[in-house]
> 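Quick one: the structure is below, and I'll ask about it shortly.
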There are 2 protein chains.
Amino acid sequence: MNFSSKLLEDAVGEFARLPGVGQKTALRLVLHLLNQNNEDVARFTQSLNKLKNEIQFCKTCLNISDNEICEICASPKRDHTLICVVEDTRDVMAIENTSQFNGVYHVLGGLISPMDGIGPTDLEVDSLVKRLENSETKEVIFALSATMEGDTTLFYLHKRLKTFDIIISTIARGIAFGGELEYVDEITLGRSITTRVPYTNSLSR
Amino acid sequence: MNFSSKLLEDAVGEFARLPGVGQKTALRLVLHLLNQNNEDVARFTQSLNKLKNEIQFCKTCLNISDNEICEICASPKRDHTLICVVEDTRDVMAIENTSQFNGVYHVLGGLISPMDGIGPTDLEVDSLVKRLENSETKEVIFALSATMEGDTTLFYLHKRLKTFDIIISTIARGIAFGGELEYVDEITLGRSITTRVPYTNSLSR
């Protein structure tokens, strides 16, 4: 692209480094911000600087938090004997939005992915093991993506945790609510038949 | 959404105000930036602050520029008697990328759009008229979008400029290069037949 200004080019270049944002989108976003008030742009950049400088990771569950211990881990209303292991903050938010889980979390910070050079030591596995040693955890629920990386991580974690006297479970896989049978992929449909559940169990939502 | 951190919520809120960016995309972008080095994030916000504070608009053509007069207007290689009127900076960049235009520009800063409350006084029309009065312009080319707003603006500008002794032209409309006839919309195809050009003219690219 042929920029009329070096300042514009720099800003567009920075935006274009964001995931899923190309040069054209970056230019559109930058020109939008350029048309905003000075205060709006200052608030935009300040919110980002503040986030980057002041954000903390909960010492217990490693979730993004404003304090040393996050609200979920600090809450006495939560069941601290039930730990849900997730990949990242977005998964915590997704599960919290369901209002179906009353335990606490452990954020791995990623999934094992040899292709991307991410091994078990890059994840918060040791902290999970230490946490299980020092607490009265009854059950660990794995809520990981149903991908190759998720399954690999699940397999590894199960091996690491099987010496503990706790229940290890994973979230149910199957056909989504509202999903039509004919559009479901074969693996999901096949597995959902082999792992069928008694009708009365399926009602307990 | 259920944010675990107020800082995160603020930053996501700011990103979600950008055009075409929803809450989920905003969260993805913010978490991406959170995973970057401090320097990368600082460079990101600084480039934006610098752009906002130091950017200028060329005193002649009103295009975005690093200096009082933009490079195009300051260039002696350009034909200053030929002015191309465009909506915004992106159009200048698009035309510059073609390398087919050697004149100078005039950036209107928008198009007349009664639906959005944008009238002729909100655009740089008076500055264009003043520029024509004080210069030896031979031709004004309108390169505006082929939309209702573009046509309205074109109609208004033509009325304002017709007292000047200059050639007024618009960029050619028709079927795009590489376009297949059967997929072209009816209006474009119909107009391209009524405004057909001699074959020899169409070769002069």
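None of these values were measured; they are calculated from a predicted model. Naming convention: chains lettered A, B, ... in sequence-line order (proteins, then strands); numbering from 1 in each chain.
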> In terms of heavy-atom proximity below 4.5 Å to chain B, should A/Ile72 be classed as side chain, backbone, both, or neither?
neither

> When rounded to the nearest 0.5 angstrom, what distance separates CD in B/Gln46 from CD in A/Glu14?
9.5 Å

> So for atom CD, which belongs to B/Glu133, do other residues, nucleotides or ligands contribute more than 12 heavy atoms lying within a distance under 6.0 Å?
yes

> Any donor-acceptor pair under 3.5 Å linking the side chain of B/Asp66 with the backbone of A/Lys6?
yes

> Evaluate the side chain to side chain contact (heavy atoms under 4.5 Å, CB included) criterion for residues A/Leu33 and B/Lys52: first the C-alpha distance (whole Å), next the side-chain angles of each, then the deciding distance (0.1 Å), finally the verdict.
CA-CA 8 Å; A/Leu33 285 168; B/Lys52 186 69 188 167; over 6 Å; no

> Nearest 0.5 Å, what's the OG-CE distance between B/Ser5 and A/Met93?
10.0 Å

> Before you tell me yes or no, could you show the steps for A/Asn53 and B/Val41 under side chain to side chain contact (heavy atoms under 4.5 Å, CB included), namely the whole-Å CA-CA distance, both residues' side-chain angles and the distance that decides it to 0.1 Å?
CA-CA 10 Å; A/Asn53 296 328; B/Val41 175; over 6 Å; no

> Roughly how far, to the nearest 0.5 Å, is CG of B/Leu51 from CG of A/Leu34?
5.0 Å

> Under the criterion side chain to side chain donor-acceptor pair (under 3.5 Å), I'd like the reasoning laid out for A/Thr45 against B/Asn49: C-alpha separation, chi angles, the key distance, then a yes or no.
CA-CA 7 Å; A/Thr45 54; B/Asn49 280 331; 3.2 Å; yes

> Rounded at 0.5 Å granularity, tell me how far CG in A/Asp10 sits from CG in B/Leu48.
11.5 Å

> Which atom pair, heavy atoms only, marks the closest approach of A/Ala11 to B/Ser47?
CA-OG, 3.7 Å

> Are more than 12 heavy atoms, taken from residues, nucleotides or ligands other than A/Glu186, located less than 6.0 Å from that residue's CD atom?
no

> I'd like to check A/Val92 versus B/Phe3 (side-chain heavy atoms, cut-off strictly below 4.5 Å). Are they in contact?
no

> How about A/Glu68: does its CD atom have over 12 heavy atoms from other parts shown lying under 6.0 Å from it?
no

> Roughly how far, to the nearest 0.5 Å, is CD1 of A/Ile64 from OG of B/Ser4?
6.0 Å

> Please look at A/Gln56 and chain B and tell me whether the side chain, the backbone, both or neither of the residue comes under 4.5 angstrom of a heavy atom of that chain.
neither

> Assess whether atom CG of B/Asp165 is packed by more than 12 heavy atoms of other residues, nucleotides or ligands within 6.0 Å.
no

> Decide yes or no on side chain to side chain contact (heavy atoms under 4.5 Å, CB included) for A/Leu18 and B/Phe15, but give the supporting numbers first.
CA-CA 12 Å; A/Leu18 295 173; B/Phe15 265 82; 4.2 Å; yes

> Taking side chain as C-beta onward, heavy atoms only, is A/Arg17 less than 4.5 Å from B/His32?
no

> Does B/Glu136 CD have over 12 foreign heavy atoms under 6.0 Å away?
no

> Please look at B/Asp88 and chain A and tell me whether the side chain, the backbone, both or neither of the residue comes under 4.5 angstrom of a heavy atom of that chain.
neither

> Is atom CZ of A/Arg173 surrounded by more than 12 heavy atoms (other residues, nucleotides or ligands) closer than 6.0 Å?
yes

> For atom CZ of B/Arg191, decide whether the heavy atoms of other residues, nucleotides or ligands shown that lie under 6.0 angstrom number more than 12.
no

> Does A/Glu71 have more than 12 heavy atoms from other residues, nucleotides or ligands lying within 6.0 Å of its CD?
no

> To the nearest 0.5 Å, tell me how far B/Leu8 CG sits from A/Asn63 CG.
9.0 Å

> Is it the side chain or the backbone of A/Thr89 that comes within 4.5 Å of chain B heavy atoms, both, or neither?
side chain

> Hey, does B/Arg90 have a side-chain heavy atom less than 4.5 Å from the side chain of A/Leu27?
yes

